[in-house]
Colleague: 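Structure incoming, see below.
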Amino acid sequence: MMENKMMEKMMEEGIEERKANHIDIYLTKKVVATWNHWDDIVLVHNPVPDIDFDEIDTTTVVFGKKLSAPLVIAGMTGGHEKAKKINENLAYAASEAGIGMGVGSQRAGVENPDVRHTYSVVKEYDIPLVLGNLGAPQFIKSKKNRKAYGLDEIDLAMEMAGADMVAIHLNYLQEVVQVEGDLFSKGFWRAMAPLCKKRPLLLKETGGGITRHVAEMAKETGFRGIDVGGMSGTTFSGVEKERAEMKGDCFHAALGNLLWDWGIPTPVSVVEAHVGIPLIATGGIRNGLDGARALVLGADLFGMAGVLLRPAVQGKEAALEAVNTVIKQLKRVMFLLGTRTPSEMKERPWIALEPTKTWLAARKHQMYS
């Protein structure tokens with residue numbers, strides 16, 4: 001019994017250390033995909049918008065929640081002391097701007113009550129849509145998992161962050177490169193089906209992207225929405241490569257380099273994942289123009305993470321200014337397209353350039369002109 005408690009304590013400390021490492025690495029290293037595929041998506045200019053700028057209304061309703069703009073601050077962190085202030089600053093920005101927010105993986109909080117406050121600080125702010133976050137591997141029965149997660153852990157995650165839904169994240173690319181990675185996935189759909197019937201769950205990728213088949217399976221299983229989390233922005237292969245180097249693990253460091261650009265480009269994932277449930281586009285979105293591109297391709301919301309992290313480290317007002325800038329950019333692009341609402345964006349034409357054009361053609365997706 002004593003040995004088991006010691007092992008649990010070591011695991012908790014390991015998770016907290018990883019969470020802190022991830023933030024430090026992002027802030028000090030260049031860990032982004034070689035090519036941002038949003039640059040391949042061109043929106044067709046409307047020479048006569050036939051609207052006035054003050055007619056534009058970015059308000060949108062998704063998952064039954066009314067947001068002032070179709071923007072979500074994607075889950076980034078939690079589970080260590082540095083995360084509390086970051087989450088607080090992001091929560092302030094989300095509340096003031098009237099947009100959604102996700103928290104980082106809550107495994108650390110589920111398994112260690114001492115760090116739950118780093119997530120629960122979000123509850124101090126009035127945010128229209130809050131997304132909790134738990135990892136897919138923890139729901140799989142395996143030799144490594146002492147107990148697979150279930151309703152109790154989902155409920156704890158929701159209560160911890162005051163979440164309206166919980167994102168179940170797929171991070172197997174990261175797990176493959178991670179020195180301590182959890183490499184088991186068998187039985188995932190079977191494990192999630194009964195949980196999806198009882199709680200509002202979102203399926204979320206974290207850099208590898210979503211295929212049409214997985215999107216269809218998500219809908220069939222009962223997930224309420226999909227966050228495509230495609231390849232284009234932060235590469236967790238790169239993040240884990242840096243961690244492996246810190247630990248002196250040459251194999252995993254080299255593996256991180258090998259798989260640096262593994263995944264489905266985010267714009268391709270957005271097009272693939274249209275299956276009739278709400279769609280969030282995250283992965284490489286840097287500004288309001290990228291967000292507009294995502295909406296034109298069919299996303300209901302777009303999520304931003306990395307580019308908001310530095311402002312969040314600087315303070316509440318810096319985080320809010322960064323968010324407001326994105327929304328202002330989005331509105332001006334909407335005007336250039338002649339669109340009054342986010343829903344009208346889906347009707348606007350777009351063109352794909354290389355290399356994303358080849359991706360779309362190979363996956364047999366129609367491109368608009």
Side-chain angles (χ1 to χ4, degrees), residues 32-44 70 74 136 167-177 185 188-189 192 202-221 223-238 258-286 289-305 342-343 345-369:
V32 294
T34 304
W35 183 252
N36 191 312
H37 289 261
W38 287 113
D39 288 331
D40 299 337
I41 304 301
V42 180
L43 305 183
V44 180
I168 306 300
H169 70 255
L170 307 169
N171 66 331
Y172 287 108
L173 173 59
Q174 180 182 8
E175 300 285 1
V176 161
V177 181
S185 174
F188 172 72
W189 299 115
M192 297 310 303
L202 174 82
L203 188 66
K204 171 184 173 65
E205 241 289 357
T206 57
I210 293 286
T211 61
R212 173 65 60 84
H213 171 70
V214 168
E216 291 171 343
M217 287 294 295
K219 181 179 180 181
E220 181 180 329
T221 302
F223 283 95
R224 306 288 180 87
I226 297 169
D227 180 340
V228 302
M231 182 269 289
S232 284
T234 301
T235 166
F236 276 96
S237 294
L258 180 69
L259 301 177
W260 190 278
D261 288 316
W262 181 278
I264 304 163
T266 311
V268 178
S269 267
V270 172
V271 176
E272 289 221 3
H274 288 295
V275 293
I277 55 179
L279 194 61
I280 304 175
T282 61
I285 293 180
R286 302 154 293 187
L289 173 57
D290 288 343
R293 289 163 165 158
L295 297 175
V296 169
L297 264 59
D300 297 286
L301 301 172
F302 62 93
M304 303 179 71
S343 61
M345 299 283 279
K346 297 180 182 181
E347 303 169 2
R348 292 302 183 263
W350 55 277
I351 298 170
L353 306 179
E354 297 293 1
T356 302
K357 180 178 179 179
T358 295
W359 262 95
L360 290 163
R363 297 295 291 173
K364 296 182 173 58
H365 294 307
Q366 181 180 5
M367 287 172 288
Y368 298 87
S369 60

Colleague: Please report the shortest heavy-atom distance between Ile285 and Gly291, naming the atom on each side.
Modeller: CG2-N, 3.9 Å

Colleague: Looking at Gly298 and Leu279, what are the two nearest heavy atoms and their distance?
Modeller: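 Shortest heavy-atom separation between Gly298 and Leu279 comes out as O-CD2, 4.2 Å.
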
Colleague: Using every non-hydrogen atom in the two residues, find where Arg286 and Arg293 come nearest and quote the distance to one decimal.
Modeller: NH2-NH1, 3.9 Å

Colleague: Looking at every heavy atom in both Leu170 and Ile210, which two are closest together, and how far apart are they?
Modeller: CD1-CD1, 4.2 Å

Colleague: Can you sort out the partners of Glu354 under side-chain contact (heavy atoms from CB on, under 4.5 Å), two or more places apart, ordered by chain and number?
Modeller: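 Per chain and number, Glu354 pairs via side-chain contact (heavy atoms from CB on, under 4.5 Å) with Lys357, Thr358.
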
Colleague: Measuring from atom CD1 of Ile264 to atom CD of Glu272, what distance do you get when rounded to the nearest 0.5 angstrom?
Modeller: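 The CD1 atom of Ile264 sits 5.5 Å away from the CD atom of Glu272.
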
Colleague: Contact between Met217 and Thr211 at the side-chain level, heavy atoms closer than 4.5 Å - yes or no?
Modeller: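 No. Closest side-chain heavy atoms not under 4.5 Å.
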
Colleague: Quick one: which of Thr266, Val271, Val268, Val214 gives a side chain to side chain contact (heavy atoms under 4.5 Å, CB included) with Val228?
Modeller: Thr266

Colleague: Got a sec, which residues hit side-chain contact (heavy atoms from CB on, under 4.5 Å) with Leu173, two or more places apart in sequence or on another chain?
Modeller: Ser237, Leu259, Trp262

Colleague: Which atoms form the tightest heavy-atom contact between Pro349 and Val296, and what is the distance?
Modeller: O-CG1, 4.2 Å

Colleague: Look up atom CD in Glu216 and atom OG1 in Thr221, then write down how far apart they are to the nearest 0.5 Å.
Modeller: 11.5 Å

Colleague: Once rounded to the nearest 0.5 Å, what's the spacing between atom CZ of Arg363 and atom OG1 of Thr356?
Modeller: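 Interatomic distance, Arg363 CZ to Thr356 OG1, rounded to 0.5 Å: 14.0 Å.
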
Colleague: Fit a plane to each ring of Phe188 and Phe223, take the angle between them on a 0 to 90° scale, and name the class: parallel (under 30°), tilted (30 to 60°) or perpendicular (over 60°).
Modeller: parallel

Colleague: Just to verify, what does Asp40 make a salt bridge (charged side-chain N to carboxylate O under 4.0 Å, His left out) with, not counting sequence neighbours?
Modeller: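 Not a single residue meets the salt bridge (charged side-chain N to carboxylate O under 4.0 Å, His left out) criterion with Asp40.
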
Colleague: I would like to know whether Trp260 and Thr34 meet side chain to side chain contact (heavy atoms under 4.5 Å, CB included); could you show each step before the answer?
Modeller: CA-CA 8 Å; Trp260 190 278; Thr34 304; 4.0 Å; yes

Colleague: Return the CG to CZ distance between Asn171 and Phe236, rounded to the nearest 0.5 Å.
Modeller: 8.5 Å

Colleague: Heavy-atom distance under 4.5 Å between the side chains of Leu297 and Phe302, does that happen here?
Modeller: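 Leu297 vs Phe302: side chains apart.
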
Colleague: Find the distance between CG (Leu202) and NE2 (His169) and round it off to the nearest 0.5 Å.
Modeller: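 Output value for this atom pair is 12.5 Å.
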
Colleague: What pairs with Ile277 under side-chain contact (heavy atoms from CB on, under 4.5 Å), at least two apart in sequence or on another chain?
Modeller: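 Ile277: side-chain contact (heavy atoms from CB on, under 4.5 Å) contacts with Lys219, Ile226, Val275.
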
Colleague: Taking all heavy atoms of Ala294 and all of Val270, pick out the closest pair and write down the distance.
Modeller: O-CG1, 4.1 Å

Colleague: With distance as the sole criterion, is a donor-acceptor pair present between the side chains of Ser232 and His37 under 3.5 Å?
Modeller: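 No pair is found: no donor N or O on one side chain lies under 3.5 Å from an acceptor on the other.
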
Colleague: What pairs with Arg224 under salt bridge (charged side-chain N to carboxylate O under 4.0 Å, His left out), at least two apart in sequence or on another chain?
Modeller: none

Colleague: Please identify each residue that fulfils side-chain contact (heavy atoms from CB on, under 4.5 Å) with Thr282, with sequence neighbours left out.
Modeller: Ala74, Lys204, Asp227, Ile280

Colleague: Quick one: CG on Asn36 to CE on Met231, what's the gap to the nearest 0.5 Å?
Modeller: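 That separation rounds to 9.5 Å.
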
